[in-house]
Enquirer: 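Sending over a structure as structure tokens; questions will come in a sec.
Everything numeric here is computed off the predicted structure, so don't read it as measured data.
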Amino acid sequence: MVIRRRVLVRGRVQGVGYRWACEAEATRRGVAGWVRNRADGAVEAVLEGPEAEVEQVLAWTRHGPGQARVEEVVVEAAEPEGLVGFRITG
């Protein structure tokens, strides 16, 4: 079953390679979507793919790369849109 999740990650997540590491993790697991920095200092992502793989990427978002310090992760469910590939958008 394909699922879609919107994720908002707060903490020290900008300037630490979070987006690039997220792209690598999602791509490795075959999850589509995008990730971007927000003006408020958070990182936002959309993850779409097989439920088990999306859940694995969500688990990764809770700690991120080594330099990150994740303080909060907010996850919202959404309807899949058939995304293909994963990209950094901003």
Side-chain angles (χ1 to χ4, degrees):
M1 178 167 88
V2 173
I3 65 170
R4 179 184 177 103
R5 298 292 182 264
R6 180 179 171 269
V7 185
L8 188 61
V9 184
R10 293 186 177 97
R12 192 175 85 179
V13 292
Q14 290 190 15
V16 295
Y18 196 99
R19 292 175 298 156
W20 288 272
C22 183
E23 177 188 38
E25 183 69 14
T27 300
R28 183 172 75 85
R29 297 199 174 272
V31 171
W34 51 264
V35 63
R36 67 180 175 195
N37 283 342
R38 291 173 36 127
D40 64 3
V43 169
E44 180 179 17
V46 166
L47 309 171
E48 188 172 298
E51 184 174 9
E53 300 305 320
V54 169
E55 291 297 332
Q56 289 294 318
V57 178
L58 285 173
W60 177 89
T61 66
R62 289 174 172 81
H63 58 79
Q67 298 279 345
R69 186 175 24 122
V70 176
E71 295 173 1
E72 180 182 27
V73 177
V74 179
V75 180
E76 297 177 357
E79 288 296 315
E81 295 181 3
L83 297 177
V84 176
F86 197 93
R87 60 191 169 93
I88 297 171
T89 65

Enquirer: Tell me the closest heavy-atom pair linking Val2 and Pro80, and the distance in Å.
Expert: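 In this case the closest contact between Val2 and Pro80 is O-CG, 3.5 Å.
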Enquirer: Does a side-chain heavy-atom distance below 4.5 Å link Val13 with Arg38?
Expert: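 When only atoms from C-beta onward are counted, Arg38 and Val13 do not touch, as no gap falls below 4.5 Å.
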Enquirer: Answer whether the closest heavy-atom distance between the side chains of Gln56 and Val31 falls below 4.5 Å.
Expert: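 They are not in contact (no side-chain heavy atoms under 4.5 Å apart), so the answer is no.
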Enquirer: Can you list everything that forms a side chain to side chain donor-acceptor pair (under 3.5 Å) with Arg4? Sequence neighbours excluded, please.
Expert: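 Once residues adjacent in sequence are excluded, the partners of Arg4 under the side chain to side chain donor-acceptor pair (under 3.5 Å) criterion are Glu48.
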Enquirer: Hey, quick one: are Val73 and Val46 part of the same hydrophobic cluster, counting side-chain heavy atoms closer than 4.5 Å, chains of contacts allowed?
Expert: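 Cluster IDs for Val73 and Val46 differ.
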Enquirer: Of the non-hydrogen atoms in Val35 and Phe86, which two are nearest, and what is the gap between them?
Expert: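 Looks like CG1-CE2, 3.7 Å.
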Enquirer: Do Leu47 and Ile3 land in one hydrophobic cluster if side-chain heavy atoms of ILVMFWY residues count as linked below 4.5 Å?
Expert: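 Yes; Ile3 is reachable from Leu47 via cluster members.
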Enquirer: If you take all heavy atoms of Ala21 and Pro65, which pair is closest and at what distance?
Expert: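 Closest approach of Ala21 to Pro65: CB-CB, 4.0 Å.
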Enquirer: Looking at Arg29 and Glu25, does any basic side-chain N land under 4.0 Å from a carboxylate oxygen?
Expert: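 Yes, Arg29 and Glu25 are salt-bridged.
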Enquirer: Considering only heavy atoms from C-beta outward, does the side chain of Glu44 approach that of Trp34 to under 4.5 Å?
Expert: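 They are in side-chain contact.
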Enquirer: Any side-chain heavy atom of Arg10 within less than 4.5 Å of one from Val74?
Expert: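 Touching, per the 4.5 Å side-chain cut-off.
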Enquirer: Side-chain heavy atoms nearer than 4.5 Å, only ILVMFWY residues, links allowed to pass through others: does that put Trp60 and Leu58 together?
Expert: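 Yes, one cluster joins them.
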Enquirer: Is there side-chain contact between Arg5 and Val57, with at least one heavy-atom pair below 4.5 Å?
Expert: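 No, too far: nothing below the 4.5 Å cut-off.
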Enquirer: Could you tell me whether Gln67 atom CD has more than 12 heavy atoms of other residues or ligands within 6.0 Å of it?
Expert: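 No, because the 6.0 Å sphere around CD of Gln67 holds 12 heavy atoms or fewer from other groups.
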Enquirer: List the atom of Arg62, the atom of Val70, and the distance in Å for their closest heavy-atom pair.
Expert: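 So the minimum-distance heavy-atom pair works out to O-CB, 3.4 Å.
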Enquirer: How far apart are the closest heavy atoms of Tyr18 and Ala68, and which atoms are they?
Expert: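 So the minimum-distance heavy-atom pair works out to CD1-CB, 4.0 Å.
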Enquirer: Quick check: closest heavy atoms across Ala32 and Leu83, and the distance to 0.1 Å?
Expert: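 So the minimum-distance heavy-atom pair works out to CB-O, 3.4 Å.
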Enquirer: Could you tell me the separation between the CD atom of Gln14 and the CZ atom of Arg19, rounded to the nearest 0.5 Å?
Expert: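 Atom-to-atom, Gln14:CD and Arg19:CZ are 7.0 Å apart.
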